[in-house]
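In this text the structure is predicted, and so the values were computed from the model without any measurement.
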Amino acid sequence: MSENGGKGKVLAIVTNYGVEQDELLVPLGHLRERGVRVDVAALKKDDIETLVGDKDPGTSVSPELTLDDVDPAGYDLLLVPGGTLNADTLRLQGPACDIVRAFTTSGRPVAAICHGPWMLVETDNVKGKRLTSYASLRTDVRNAGGDWVDEPVVTDESGGWKLITSRDPGDLDPFLKEIDAALAG
């Protein structure tokens with residue numbers, strides 16, 4: 001789809017504390033093993049402290065760049081991992097919201113898992129979309145005009161852009177399959 005021999009270039013956006021470990025590390029490993037370039041952008045260049053189950057310390061990850069340094073035009077797909085603390089903080093960051101809007105308005109896919117869809121609610125991008133998320137976001141999604149469903153993975157191509165969503169780390173396999181399909185074009 002882009003420069004890496006058609007394999008694509010993915011941007012993952014996170015905060016420096018609270019991202020759910022497997023929702024970041026599993027997609028990173030999966031995509032990089034397939035030759036996809038994945039850049040992780042965080043609030044600061046400091047290490048990203050992941051959590052397991054929103055409470056236990058996980059693996060630290062170094063970001064490639066900050067949210068302020070991102071040029072969204074250089075990426076084929078946006079990945080928004082969850083983690084309650086991560087997603088709640090991320091949706092309050094202007095640069096993160098601008099990145100999401102850059103993808104949706106240009107018609108490029110967004111993949112969000114667990115609490116990650118809060119970014120789509122915050123940026124007013126769920127109206128008319130069918131999606132899933134962690135169950136506690138159901139009311140927020142519905143109040144924002146989205147059609148929330150309880151399924152492992154949901155892909156919605158309405159509105160001129162593709163949205164891929166999943167509920168939690170237990171849904172990573174079907175989530176990654178849909179991301180692979182989106183990158184394959």
Side-chain angles (χ1 to χ4, degrees), residues 8-34 36 38-42 48-56 58-59 61 63 67 75-93 96-97 99-100 103-104 108-123 125-126 129-142 144 146-157 161-183:
K9 191 172 174 187
V10 173
L11 174 67
I13 58 172
V14 298
T15 60
N16 291 86
Y17 180 78
V19 64
E20 184 66 30
Q21 174 182 277
D22 286 353
E23 293 171 6
L24 177 60
L25 295 183
V26 172
L28 288 182
H30 172 88
L31 293 166
R32 288 175 175 164
E33 285 174 7
R34 284 156 178 73
V36 176
V38 184
D39 289 340
V40 179
I48 298 158
E49 302 298 327
T50 70
L51 294 177
V52 177
D54 273 340
K55 62 184 181 324
D56 297 322
T59 303
V61 179
L67 294 171
Y75 297 91
D76 301 305
L77 183 139
L78 177 63
L79 173 65
V80 186
T84 309
L85 296 172
N86 172 68
D88 194 40
T89 302
L90 192 64
R91 68 188 178 137
L92 300 177
Q93 307 306 313
C97 292
I99 290 166
V100 171
F103 274 85
T104 61
R108 288 172 290 149
V110 175
I113 186 168
C114 198
H115 287 80
W118 255 343
M119 286 300 304
L120 287 302
V121 169
E122 188 66 32
T123 57
N125 278 296
V126 299
K129 288 282 201 187
R130 184 174 181 271
L131 66 149
T132 194
S133 66
Y134 194 75
S136 65
L137 275 65
R138 175 182 52 238
T139 301
D140 293 341
V141 167
R142 289 180 176 159
D147 177 17
W148 188 91
V149 295
D150 185 11
E151 297 176 13
V153 67
V154 176
T155 299
D156 185 312
E157 297 188 44
W161 61 281
K162 182 181 286 192
L163 174 61
I164 303 163
T165 53
S166 281
R167 302 172 297 192
D168 57 48
D171 297 331
L172 278 165
D173 287 341
F175 183 64
L176 293 171
K177 182 178 177 185
E178 290 297 310
I179 290 173
D180 289 344
L183 289 171

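Under 4.0 Å is where a charged nitrogen must lie from a carboxylate oxygen, and between Arg130 and Glu157 no such pair does. A salt bridge links Asp156 to Lys129: at least one charged side-chain nitrogen sits closer than 4.0 Å to a carboxylate oxygen.
Heavy-atom minimum distance, Leu25 versus Thr59: CD1-CB, 3.6 Å. Scanning both residues, Leu11 and Phe103, for their nearest heavy atoms gives CD2-CE1, 4.3 Å. Here the shortest heavy-atom pairing between Glu23 and Gly83 reads OE1-N, 3.6 Å. Between Ala42 and Pro63 the shortest heavy-atom distance is CB-CB, 4.0 Å. What you find for Ala12 and Leu24 is that their closest heavy atoms are CB-CD1, 4.2 Å.
Note on residues 78-90: pairs passing salt bridge (charged side-chain N to carboxylate O under 4.0 Å, His left out), not counting sequence neighbours, are Asp88-Arg91.
Taking the side chain as every heavy atom from C-beta outward, Pro117 and Leu131 approach each other to under 4.5 Å. For the pair Ile48 and Val40, the minimum side-chain heavy-atom distance is below 4.5 Å. In this structure, the side chains of Asp168 and Ile113 stay at 4.5 Å or more apart for every pair of heavy atoms. Between Trp118 and Val141 there is no side-chain heavy-atom pair separated by less than 4.5 Å. Within the 4.5 Å cutoff, the side chain of Thr132 has no heavy atoms near those of the Val153 side chain. His115 is not listed as a side-chain neighbour of Ser133, based on a closest heavy-atom distance of 4.5 Å or more. No side-chain heavy atom of Asp76 sits under 4.5 Å from any side-chain heavy atom of Arg108. Contact annotation: the side chain of Leu183 approaches that of Leu31 to within less than 4.5 Å [non-hydrogen atoms, C-beta and beyond].
Between atom OH of residue Tyr17 and atom CG of residue Leu51 there is a gap of 4.5 Å, rounded to the nearest 0.5 Å. Note that CG of Leu172 is 8.5 Å distant from CD1 of Ile179, once rounded to the nearest 0.5 Å. For the atom pair CG (Asp22) and OG1 (Thr50), the distance works out to 8.5 Å, reported to the nearest 0.5 Å. Of the inter-residue distances, the one linking Asp173 atom CG with Glu178 atom CD reads 12.5 Å to the nearest 0.5 angstrom. Leu85 contributes atom CG, which lies 13.0 Å from atom CD of Glu49 (distance to the nearest 0.5 angstrom). Distance check, rounded to the nearest 0.5 Å: CG of Leu79 to CD1 of Ile164 gives 9.5 Å.
Formation of a donor-acceptor pair under 3.5 Å by the Arg32 side chain with backbone atoms of Val38 is found in this model. When atom types are taken as modelled, the side chain of Asp171 and the backbone of Pro169 share no donor-acceptor pair closer than 3.5 angstrom. At distances below 3.5 Å, at least one donor-acceptor pair connects side-chain atoms of Gln93 with backbone N or O atoms of Thr89.
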Quiz item: Lys162 and Thr155: side chain to side chain contact (heavy atoms under 4.5 Å, CB included), yes or no, with the steps?
Solution: CA-CA 7 Å; Lys162 182 181 286 192; Thr155 299; 3.7 Å; yes

Exercise. Give the C-alpha distance, both sets of side-chain angles, the deciding distance and a yes or no for side chain to side chain contact (heavy atoms under 4.5 Å, CB included) between Val149 and Val154.
Key: CA-CA 8 Å; Val149 295; Val154 176; 3.5 Å; yes

Exercise. Please lay out, stage by stage, how Arg34 and Asp180 fare under the test side chain to side chain contact (heavy atoms under 4.5 Å, CB included).
Key: CA-CA 9 Å; Arg34 284 156 178 73; Asp180 289 344; 3.9 Å; yes

Exercise. Start with the C-alpha distance between Val110 and Leu120, add both sets of side-chain angles, then the distance that settles side chain to side chain contact (heavy atoms under 4.5 Å, CB included), and finish with yes or no.
Key: CA-CA 9 Å; Val110 175; Leu120 287 302; 4.2 Å; yes

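Under the side-chain contact (heavy atoms from CB on, under 4.5 Å) test applied with Glu20, the options Val14, Val26, Asp54, Asn86 reduce to a single match, Asp54.
Under the 6.0 Å distance and 45° angle rule, Arg167 does not count as a cation-pi partner of Tyr134.
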